[in-house]
Amino acid sequence: MPELPEVEGVVESLRPFVIDQTIEEVEVSKQLLVSHEAGKAAIIKGCSPEELIRELPGYRITALTRKSKYMYFALQRKNEEALLVGHLGMTGAWFPVETEEAIQEDKFRKHIHVKLRLSGGYWLIYSDIRRFGELRLLQQEADYPPLLQMAPEPFTEEGRQHYLSMSEIAKYRNKPVKGFIMDGHVLSGCGNIYATEALFRMKIHPNRKVARISKSRLNALYDTIVDVLNEGIARGGSSISDYRNVNGGAGSMQHFLQMYGKKMCSTCLTETKQLIIAGRTSTYCPKCQR
DNA sequence: AGTTAGTCCCGGGAGC
DNA sequence: TGCTCCCGGGACTAA
């Protein structure tokens with residue numbers, strides 16, 4: 001599943017294909033049109049597919065950036081500015097291709113939902129097997145308030161201070177640390193895979209309450225999360241199930257994970273255990289993590 | 001008013 | 001082969 005490192009990889013790889021390209025035409029899959037007709041907000045959020053098809057053409061993509069796990073396509077049309085915000089959800093993927101047939105895997109070719117024809121002569125295709133991703137056309141970021149509620153980027157000093165100050169707030173003090181670091185209002189971009197790895201490296205039990213971790217350990221945990229995220233970026237992300245980069249390829253970080261999805265602890269060979277924390281499966285070593 | 005549980009977007013993989 | 005169940009990022013809503 002795409003977390004910060006995977007989204008970073010997509011944004012960096014996609015950027016040369018989309019910058020200064022004008023969106024000429026938009027196509028939406030029959031399945032999405034049917035879902036929306038049935039009143040469901042599948043993938044396209046905040047407006048109808050018809051509005052997206054009508055509104056997007058003519059906009060030039062001037063920038064593509066990542067904020068937390070979101071992708072921001074900055075758009076400009078004459079003196080008019082807009083923002084297309086994307087989220088990959090569980091199984092979203094972008095492919096810049098000349099034809100659909102260039103997408104190798106059946107499961108992604110079968111679930112193409114939005115196609116943008118760019119002035120460069122190719123298609124920017126959004127495919128999403130489970131349709132948990134989202135596309136949202138805004139005039140500006142503030143038009144969708146949750147975007148303003150996200151924690152600062154983890155690679156900044158501001159991000160660290162925000163995380164530390166949140167650890168002192170009553171509503172978080174009694175929470176399991178795993179849920180704390182996966183909460184996007186506390187720390188941006190750390191999902192289940194990277195949270196699991198960081199806690200294992202720090203030998204911290206995922207269910208340990210935030211208040212029962214010292215300030216210096218919380219600081220060290222933050223450093224470890226940043227390290228794990230950076231390793232993920234350097235290795236092209238983790239392709240556990242359905243993450244693919246813009247070339248349809250897999251990342252390699254999954255080969256370097258020590259705890260996520262493991263049956264046995266790589267350090268002491270003890271059988272791992274699982275807990276549900278904040279609604280997510282949390283794998284840990286009962287002997288190494290306290 | 002703050003917290004928690006449920007709901008919703010889904011298809012695929014596991015297990016029987 | 002085919003059925004059923006479970007999984008999950010994140011926002012929203014009901015309790």
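Quick note on labels: first sequence line is chain A, next is B, and so on, each numbered from 1. From a predicted model like this one, the values you see are computed outputs, not experimental measurements.
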Of all the choices, [options], which nucleotide is nearest to the side chain of [X] once you look at every atom?
X: A:Lys69; options: B:dG12, C:dG10, C:dC7; result: C:dG10
X: A:Lys40; options: B:dC9, C:dG9, C:dA11; result: B:dC9
X: A:Phe132; options: C:dC7, C:dG9, C:dA11; result: C:dG9

Worksheet item: How would you label the contact of A:Gly279 with the nucleic acid (heavy atoms, under 4.0 Å): base, sugar-phosphate, or nothing?
Response: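 A:Gly279: backbone/sugar contact only, no base atoms under 4.0 Å.
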
Discussion item. Under 4.0 Å, heavy atoms only, any strand: does A:Tyr70 hit a base, just the sugar-phosphate, or nothing?
Written reply: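 Sugar-phosphate only.
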
OP1, OP2 of [N] versus side-chain N and O of [X]: anything below 4.0 Å?
X: A:Ser35; N: B:dC9; value: no
X: A:His87; N: C:dG10; value: yes
X: A:Thr281; N: C:dG8; value: yes
X: A:Lys45; N: C:dA11; value: no

What is the distance, rounded to the nearest whole Å, between atom [atom1] of [X] and atom [atom2] of [N]?
X: A:Lys263; N: B:dA14; atom1: NZ; atom2: C1'; result: 11 Å
X: A:Tyr243; N: C:dG9; atom1: OH; atom2: P; result: 16 Å
X: A:Arg244; N: B:dG12; atom1: CZ; atom2: P; result: 13 Å
X: A:Glu3; N: C:dG8; atom1: CD; atom2: C1'; result: 11 Å
X: A:Arg131; N: B:dG11; atom1: CZ; atom2: P; result: 5 Å
X: A:Glu134; N: C:dA11; atom1: CD; atom2: C1'; result: 9 Å
X: A:Met71; N: C:dG10; atom1: CE; atom2: C1'; result: 17 Å
X: A:Arg130; N: B:dG13; atom1: CZ; atom2: P; result: 8 Å

Discussion item. What I want to check is whether an N or O donor and acceptor connect the side chain of A:Arg280 with the base of C:dC7 at under 3.5 Å.
Written reply: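 When only heavy-atom distances are counted, A:Arg280 does not reach the base of C:dC7 through any donor-acceptor pair under 3.5 Å.
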
Worksheet entry | Side-chain (A:Gln254) to main-chain (A:Ser239) donor-acceptor, under 3.5 angstrom |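 Present.
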
Item to complete: Select from A:Tyr172 and A:His111 the residue whose nearest nucleotide in DNA chain B is closer to the 5' end of that strand.
Response: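 Looking at DNA chain B, the more 5' nearest nucleotide goes with A:Tyr172.
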
Discussion item. Between A:Lys171 and A:Ile43, which residue's closest nucleotide on DNA chain B lies nearer the 5′ terminus?
Written reply: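 Its nearest nucleotide lies further toward 5', so the answer is A:Lys171.
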
Practice prompt. Taking the six-membered ring for Trp and the full ring for Phe, Tyr or His, determine whether the centres of A:Phe180 and A:Tyr163 are under 6.0 Å apart.
Written response: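 Yes, the ring of A:Phe180 comes within the 6.0 Å limit of the ring of A:Tyr163, centre to centre.
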
Fill in: A:Trp94 ring center within less than 6.0 Å of A:Phe17 ring center
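They do not qualify: ring centres at least 6.0 Å apart.
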
Worksheet item: Rounded to the nearest 0.5 Å, how far apart are CG of A:Leu138 and CZ of A:Phe73?
Response: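 So the gap between those two atoms works out to 13.0 Å.
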
Worksheet item: Take atom CD in A:Glu105; do more than 12 heavy atoms of anything else shown fall under 6.0 Å from it?
Response: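 It does: A:Glu105 CD has more than 12 such atoms within range.
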
